[in-house]
Amino acid sequence: MTLSRFEILAGAFWTAGAFALSQGLRLGTNIILARLLAPDLFGLALLLNALRTGVDLLSDVGIGQNVITHAKAEDPDYYNTAWSLQLLRGLTLWAVCCLLAWPFATLFQAPIMTAALPVSAFYFVFGGFASVSVFLAQKRMLVGRVNSFELAMDVASAICHIGMAFLTRTVWALILSSLALAIIRMTASHFLLPDVKVHFKIDRGYAREIFNFGKWIFISSILYYFAGAFDRLYLAKVAPLGLLGIYGIARSFSDIVAALVTRLSNYVIFPLIASNAERPREELRASIAGLRLTFLLMSAVGLGVFASSADLLIALAYDQRYHAAGWMISLLSIGAWISILCNINETTLLGLKQPLYGASANGVKFAWLAVGLPVAYQVSGIVGVTITVALSDLSRYIPILVGQRRLNFSFGWQDAGASLLLALTIALLEWLRWLLNFGTSFDSLMTMLS
């Protein structure tokens, strides 16, 4: 596959446009749900999702990444093998969640999890039956089709969540709506690529290749989960569920821009690099350097605007119970920027079939959080936790940069320049807010600490 600037730009615009619509839907859905449901229900749902995601990532062998990077992914024997392994994994994960339901309910002192976790885990069964055509569409660079598919799923998600919340004002509204979405996604995936028809078949040679590539994905996913979910699991143990729910809303907002760059990386940069990994490194690096810098500069300005106004948005959209999320978002946005740099850099390494450095980076981040969060919470409560989480990706950035430099594929000066632009954007907007008598993003935090 030839690296075409027009193809990259078209894919980027498709992805950014679909993502903007998607986030608008999610924001509207989140605001409506916050009016209908209490914060402790969000906290319980967040805990369930964190546990379910943990079970998912603790067994991840990178089936999707395998399909995108494998030279023979279009061979029916190969993608049927991938689908069959995905199905067996989904059924196994549901069984594991059923076995863990009672121990988790006891650990977190939440008896409802005994029933809620097995029901929520049906997500794995439906996900196992879903077609691998989504991954093949990414490999074929059908960016418009993939983004349209994801946008349609977001519309379905909004309808399911709001509809269920009107029917029942309990945590089951969030659980059952997620299952309904999983069924819709499973069904729709089989119509995404008409030429891809899956059936159960395991080719031992292809299965061996999938597991050989996936062993580092497996390790990286384990560490990624603990690094990414440790803050929520720790708060679920030591803090009230209501506070966890507010913190979860702040995390979801602060991750928006990072999620956009991650989607751009996964849908555009990753498949292109994976398809051109044999080209000379300097030539390949030069092909994406300009566009990468454009992504980062736009992200820096967008995140700077968001970080400087998030508290105003929270105050406008949410009632008093959720206003503490405003200052949390401003702090977490700093971490979101570092996460953006890490994610886009790790994606390039994965495209070059080098997942080792991502695994190492996630391990370092988990160590940072495992040591830092308990200390931070004891010293300064939720403020300390938020600051520790915001800085955690700094530890992750270093191993990834080492890997890029070893492969002659680093972009350190781009990262530094875009980071400076972010700092200047935030400083300018905070000064303008102060001049216009809107205070600063951290006024409520300063008031709380004084």
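In this text, all values refer to a predicted model and were calculated from it rather than measured experimentally.
Sequence neighbours left out, the pairs with a member in residues 154-167 that pass side-chain hydrogen bond (donor to acceptor under 3.5 Å, both in side chains) are S22-D154, R26-D154, S157-H161, H161-S177. Judged as a side-chain hydrogen bond (donor to acceptor under 3.5 Å, both in side chains), the pairs with a partner in residues 113-134 (not counting sequence neighbours) are, in order, R52-S120, S131-S133. The ring-ring contact (aromatic ring centres under 6.0 Å, His included) pairs that include a residue from residues 76-102 are H70-Y78, Y78-Y206, W94-F122, where partners are two or more places apart or lie in different chains.
Applying the side chain to side chain contact (heavy atoms under 4.5 Å, CB included) test to I202 and every residue at least two apart in sequence or in another chain returns T81, S84, L85, L88, F200, A207. Listed by chain and number, the residues in a side-chain hydrogen bond (donor to acceptor under 3.5 Å, both in side chains) with R185 are E150 (sequence neighbours excluded). The side chain to side chain contact (heavy atoms under 4.5 Å, CB included) search around K201 returns D77, N80, H199, not counting sequence neighbours. Shown here are the side-chain hydrogen bond (donor to acceptor under 3.5 Å, both in side chains) partners of Q414, two or more places apart in sequence or in another chain: R292. Considering only residues two or more places apart in sequence or on other chains, A180 meets the side chain to side chain contact (heavy atoms under 4.5 Å, CB included) condition with C160. Residues passing the side chain to side chain contact (heavy atoms under 4.5 Å, CB included) test with V96, sequence neighbours excluded: V55, T92, L100. Applying the side-chain hydrogen bond (donor to acceptor under 3.5 Å, both in side chains) test to T168 and every residue at least two apart in sequence or in another chain returns T170. The salt bridge (Lys or Arg N to Asp or Glu O under 4.0 Å) search around D393 returns K365, R396, not counting sequence neighbours. Among residues two or more places apart in sequence or in another chain, the ring pair (Phe, Tyr, Trp, His ring centres under 6.0 Å) test is passed with F104 by none.
Side-chain contact check for N345 and Y357: no donor-acceptor pair (N or O, by modelled atom type) lies under 3.5 Å.
Taking 4.0 Å as the cut-off between side-chain N and carboxylate O, K72 and E209 do not count as a salt-bridged pair.
Separation of atoms CD1 (I246) and CZ (R251) is listed at 15.5 Å; rounding is to 0.5 Å.
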